[in-house]
Amino acid sequence: MKINGERLCSDILELGQIGFQEGQGTSRPAYSEAFCAGRELVRRKMEQAGLKTAVDAVGNLTGCLPGRSGRIIAVGSHIDTVPNGGMYDGAYGVLAGIEAVRTLRESGYTPRDSIEIIAFNEEEGNVVGGTFGSKAFAGQPQEADALERAAALGIRPEGIQASKRNGRDYRCYLELHIEQGGILAREQIPAGIVDGIVGIARYQVTVTGEANHAGSTPMDMRDDALLHACRLIERMAAISIETDREMTCTVGRLSVEPGAVNVVPGRARFPIELRSLRMEHIEQAISRFCGEAVRPGVTVEQFLRQEPTIMDPALVRVLEDACRTCGLPFRHMPSGAGHDAINMALMTPTAMLFIPSAGGISHSIREYSRPEDLAAGAQVLLETLAALAQSKEGGFSR
């Protein structure tokens, strides 16, 4: 069985034109006219592939190829985009799933387990809240502000509850996605098997110095909060690298008071975001930072902690074998970005596969993955589905 790469690329281009604006990118936010048109296109493609389709109360689209066992192998991602985004993020995983089912059916395959392709709604979080659709699907709690925004769209709590699926019905979930980073492209490796989606911790740092006249206060008599903050930021970045080479450390905002060009800064505030597959590494890094940074006038307070999502080891091995069957080199890697797999992993064994993003660019009109990489990833997905069809029931961690 071989994926039709030209057909897959044509599908991606066709969907990518819905919401596309020349020179800007593809804008297909959840619940928009463009989103609904895109979902209808995907629905037609599912039905043409022989799938029975449905749309739930929060806008998730599913297409199911019924099997004999009563269990479901799910394949999915999302079809909403960020404003002025690309045509591969999310959409690739959904359309590759459809292409895999088409290829199976063209080869005369009759599934033992049902195969369900899921096009989740509102993964990007620009309208209601991040991964809103897959949270509802997996029965995970929604944030209060997300519920308020959903209500403004006419989505009631009972509709969200009705969108919940029973995890016992599912054998596993697979998500194929562009990397959205530059590791695979830099290393010229065509496949990345995801070990997990990183955990996130965020801390608010406040540095208090002494505001003073910028002209009459000598440099050696200043207690400049901004200079102190800059040194702390640099030190935190170095500590994170020393603790875990795959940990990321980001300071994306810096506020200075009083914020006047002729006043020595008296206070500076900045958030630190640390991401790693191992929360203990994050804790080690921030503990070391606090040991060096905390002095009179410096405070560090945590305001967010999100645990990592670890992929199912047995399902990861199935992906490894599928890559070898395809003769496709691969490496293991974390996902630094969040995905619908975070929620699906809470209800069924889950695994993810990445393909390269040219230049590591995503959420941009310049987002691009080569046709040969798109086809190769879909072929691994196809081989994975075929392997699961032949394997004994169970064997995963849930």
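The structure displayed is predicted, hence computed values, not measured ones.
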Would you mind reporting whether [Y] and [X] have side-chain heavy atoms less than 4.5 Å apart?
| X | Y | answer |
| --- | --- | --- |
| Val207 | Leu232 | yes |
| Ile310 | Ile197 | no |
| His281 | Gln284 | yes |
| Met236 | Arg288 | no |
| Val82 | Asn126 | yes |
| Asp373 | Tyr368 | no |
| Leu104 | Leu382 | yes |
| Ser240 | Met247 | yes |

Sub-3.5 Å donor-acceptor pair from the side chain of [X] to the main-chain atoms of [Y], do we have one?
| X | Y | result |
| --- | --- | --- |
| Ser27 | Asn84 | yes |
| Thr53 | Glu47 | no |
| Arg222 | Thr217 | yes |
| Glu122 | Gly129 | yes |
| Ser114 | Gly67 | yes |
| Arg28 | Ile18 | yes |
| Tyr173 | Gly76 | yes |
| Ser32 | Pro29 | yes |
| Thr26 | Gly16 | yes |
| His213 | Gly215 | yes |

[atom1]-[atom2] distance between [X] and [Y], expressed to the nearest 0.5 angstrom:
| X | Y | atom1 | atom2 | value |
| --- | --- | --- | --- | --- |
| Arg39 | Met46 | CZ | CE | 11.0 Å |
| Phe270 | Leu226 | CZ | CG | 10.0 Å |
| Thr110 | Arg112 | OG1 | CZ | 13.0 Å |
| Ser369 | Gln180 | OG | CD | 9.5 Å |
| Lys45 | Ile117 | NZ | CD1 | 14.5 Å |
| Gln379 | Leu374 | CD | CG | 13.0 Å |

Pair [X], [Y]: side-chain N/O donor-acceptor within cut-off below 3.5 Å:
| X | Y | value |
| --- | --- | --- |
| Tyr31 | Asp80 | no |
| Thr250 | Glu273 | no |
| Thr350 | Asp312 | no |
| His363 | Asp89 | yes |
| Ser357 | Glu179 | no |
| Ser77 | Glu175 | yes |
| Thr131 | Asp340 | no |
| Thr248 | Arg275 | no |

For the student: nearest non-hydrogen atoms of [X] and [Y], plus distance:
| X | Y | value |
| --- | --- | --- |
| Ala285 | Ile239 | O-CG2, 3.6 Å |
| Val264 | Ala214 | CG2-CA, 4.1 Å |
| Cys249 | Ile272 | SG-CG2, 4.3 Å |
| Gly93 | Val75 | O-CG1, 4.3 Å |
| Ala138 | Lys164 | C-CG, 4.5 Å |
| Leu385 | Ala100 | CD1-CB, 4.0 Å |

Counting heavy atoms not belonging to [X], are there more than 12 under 6.0 Å from its [atom1]?
| X | atom1 | value |
| --- | --- | --- |
| Glu6 | CD | no |
| Glu234 | CD | no |
| Gln24 | CD | yes |
| Arg105 | CZ | no |
| Arg366 | CZ | no |
| Arg295 | CZ | yes |

(request) Mind telling me whether Phe137 and Tyr170 have parallel, tilted or perpendicular rings, with 30° and 60° as the class edges? (result) perpendicular
(request) Kindly assign one of parallel, tilted or perpendicular to the pair Phe330 and His332, based on the angle between their ring planes and the thresholds 30° and 60°. (result) perpendicular
(message) Could you check whether Asp11 pairs with Arg7 (Lys NZ or Arg NE/NH1/NH2 to Asp/Glu carboxylate O, under 4.0 Å)?
(response) no
Does one hydrophobic cluster hold both [X] and [Y], with members joined at side-chain heavy-atom distances below 4.5 Å?
| X | Y | value |
| --- | --- | --- |
| Val256 | Leu227 | no |
| Phe35 | Val58 | no |
| Tyr88 | Ile365 | no |

(message) Once side-chain hydrogen bond (donor to acceptor under 3.5 Å, both in side chains) is applied, do any residues pair with Gln21, and if so which ones, sequence neighbours excluded?
(response) none
(request) May I have all residue pairs that pass salt bridge (Lys or Arg N to Asp or Glu O under 4.0 Å) and include part of residues 187-197, sequence neighbours excluded? (result) Glu187-Arg331
(request) Would you please test Glu283 and Ser287 for side chain to side chain donor-acceptor pair (under 3.5 Å) and show each step? (result) CA-CA 6 Å; Glu283 291 162 359; Ser287 176; over 6 Å; no
(message) Please determine whether salt bridge (charged side-chain N to carboxylate O under 4.0 Å, His left out) holds for the pair Glu383 and Arg324, giving the CA-CA distance in whole Å, both sets of side-chain angles, and the decisive distance to 0.1 Å.
(response) CA-CA 10 Å; Glu383 295 295 340; Arg324 294 186 186 103; over 6 Å; no
